[in-house]
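Input: a single structure, listed below in structure tokens.
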Number of protein chains: 2
Amino acid sequence: MKLLEIIKSLSNQTRLDILAWLKDPFAYFPAEELSDYDPALGVCVSDISKKAGMSVPTVSVYLKNMAAADILVATRKDQWTYYKRNEESIQQLAELIKDKL
Amino acid sequence: MKLLEIIKSLSNQTRLDILAWLKDPFAYFPAEELSDYDPALGVCVSDISKKAGMSVPTVSVYLKNMAAADILVATRKDQWTYYKRNEESIQQLAELIKDKL
DNA sequence: TAGGTATTTAGGTAAATACCTAAGTTTGTC
DNA sequence: GACAAACTTAGGTATTTACCTAAATACCTA
């Protein structure tokens, strides 16, 4: 668990927002986009970029970095890449801050 | 507690290191600098900058930002500014990540 | 008031990050 | 194979951050 990498992957508002949106997709994404939502997969890049109001490439890189830091998990399926939160990592991060930081 | 501000105040290695050094000053600072160390105050700017191997102004700004984010507490005494960790804030941060992030 | 030490503020350059558009890749469908 | 949809990679500009030196401020002591 590389603390600095994680912190950097979280150090802008959009990235923090994405994490919040993915915590409860039904509260933040339009129902029609979630018609076949699978919690094991998460939400696809274009839906997230739409929600963020940013270009797909920008958001794609954000997500990729967050996945590299192990805060998100990416799953490629057909032509989509889905992202979901890595809850275990997030809890580990909390523990690390609590005990080690 | 402004999460983004806190995260930004922690998003470089030196700042993380400072937090670690202040957790156990006797393990990281030369004994002679700590001859009248007071845990209620912490360590002064110039000692921290020496330990970091960076200029005093650079470290002064780091410390100031971390204090603005409430992660450190600054105390001015005579011509020195001492910094110590804000343990309560750090625990709050851990809780926030655990429950809200 | 003069001079010294500790710190902060200002101002500058270099590197990193934020975003975009355009171009390429992957995968599915006709 | 041609085309479309979703995504990634490349490449560019603008803003932010890193870090320095120089100058200003604060506070002590003679």
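Heavy-atom basis, side chains included; hydrogens, waters and symmetry copies ignored. In what follows, every chain begins at residue 1, and chains take the letters A, B, ... in the order their sequences are listed.
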> How close or far is atom P of D:dA5 from atom CD of A:Glu33, stated in whole angstroms?
Replying inline: 16 Å

> Which pairs count as side chain to side chain donor-acceptor pair (under 3.5 Å) when at least one residue sits in residues 51-63 of chain A, sequence neighbours excluded?
Replying inline: A:Asn12-A:Tyr62, A:Ser55-A:Thr58

>> Tell me the interatomic distance from A:Leu41, atom CG, to D:dA6, atom P, rounded to whole angstroms.
In response: 16 Å

> Could you give the distance from CG (B:Leu22) to CD1 (B:Ile71), rounded to the nearest 0.5 Å?
Replying inline: 12.0 Å

>> Stem list for DNA chain D, please, built from Watson-Crick and G-U wobble pairs under 3.5 Å and keeping only runs of at least 3.
In response: C:1-30 with D:1-30

> For A:Val61, what are the other residues in its hydrophobic cluster, where any two members join if their side-chain heavy atoms are less than 4.5 angstrom apart?
Replying inline: none

> What is the distance from CG of B:Asn65 to C1' of D:dT16, rounded to the nearest Å?
Replying inline: 13 Å

> Quick one: salt bridge (charged side-chain N to carboxylate O under 4.0 Å, His left out) partners of B:Glu33, sequence neighbours excluded?
Replying inline: B:Lys50

Using atom types as modelled, flag every donor-acceptor pair under 3.5 Å from a side chain in residues 38-48 of chain B to any protein atom, sequence neighbours excluded.
residue: B:Asp38; atom: OD1; partner: B:Ala40; partner atom: N; Å: 2.8

> Which is the 5'-most and which the 3'-most nucleotide of DNA chain C that has an atom under 4.0 Å from a heavy atom of chain A?
Replying inline: C:dT17 to C:dG28

Tabulated below should be each protein N or O lying under 3.5 Å from an N or O of nucleotides 7-9 of chain D; please produce it.
residue: D:dC7; atom: OP1; partner: A:Val45; partner atom: N; Å: 3.2
residue: D:dC7; atom: OP1; partner: A:Thr81; partner atom: N; Å: 3.1
residue: D:dC7; atom: OP1; partner: A:Thr81; partner atom: O; Å: 3.4
residue: D:dC7; atom: OP2; partner: A:Ser46; partner atom: N; Å: 2.8
residue: D:dC7; atom: OP2; partner: A:Ser46; partner atom: OG; Å: 2.8
residue: D:dC7; atom: O3'; partner: A:Thr81; partner atom: OG1; Å: 3.0
residue: D:dT8; atom: OP2; partner: A:Ser60; partner atom: OG; Å: 2.3
residue: D:dT9; atom: OP1; partner: A:Lys64; partner atom: NZ; Å: 3.4
residue: D:dT9; atom: OP2; partner: A:Lys64; partner atom: NZ; Å: 2.6

Distance-only check: which donor-acceptor pairs under 3.5 Å involve side-chain atoms of residues 88-96 of chain A, not counting sequence neighbours?
residue: A:Ser89; atom: OG; partner: A:Asp70; partner atom: O; Å: 2.9
residue: A:Gln91; atom: NE2; partner: B:Lys98; partner atom: O; Å: 3.0

> With sequence neighbours excluded, what pairs up with B:Thr81 under the side-chain hydrogen bond (donor to acceptor under 3.5 Å, both in side chains) test?
Replying inline: B:Arg76

>> Could you work out, with side-chain hydrogen bond (donor to acceptor under 3.5 Å, both in side chains) as the rule, every residue matching B:Glu32, not counting sequence neighbours?
In response: none

> Is B:Asn12 near enough to D:dA18 that one of its side-chain N or O atoms lies under 4.0 angstrom from OP1 or OP2?
Replying inline: yes

> Rounded to whole angstrom units, what separation is found between the CG atom of B:Leu10 and the C1' atom of D:dA18?
Replying inline: 16 Å

Report all side-chain donor-acceptor pairs from residues 13-20 of chain B shorter than 3.5 Å, counting only partners two or more places apart or in another chain.
residue: B:Gln13; atom: NE2; partner: B:Asp17; partner atom: OD1; Å: 3.1
residue: B:Arg15; atom: NH1; partner: B:Ser9; partner atom: O; Å: 3.3

>> From CD of B:Glu5 over to P of D:dT17, roughly how many Å is that when rounded to an integer?
In response: 11 Å

>> Are A:Phe29 and A:Tyr37, when compared by the centres of their aromatic rings, separated by less than 6.0 Å?
In response: no

> With sequence neighbours left out, what residues match A:Glu87 under salt bridge (charged side-chain N to carboxylate O under 4.0 Å, His left out)?
Replying inline: A:Arg85

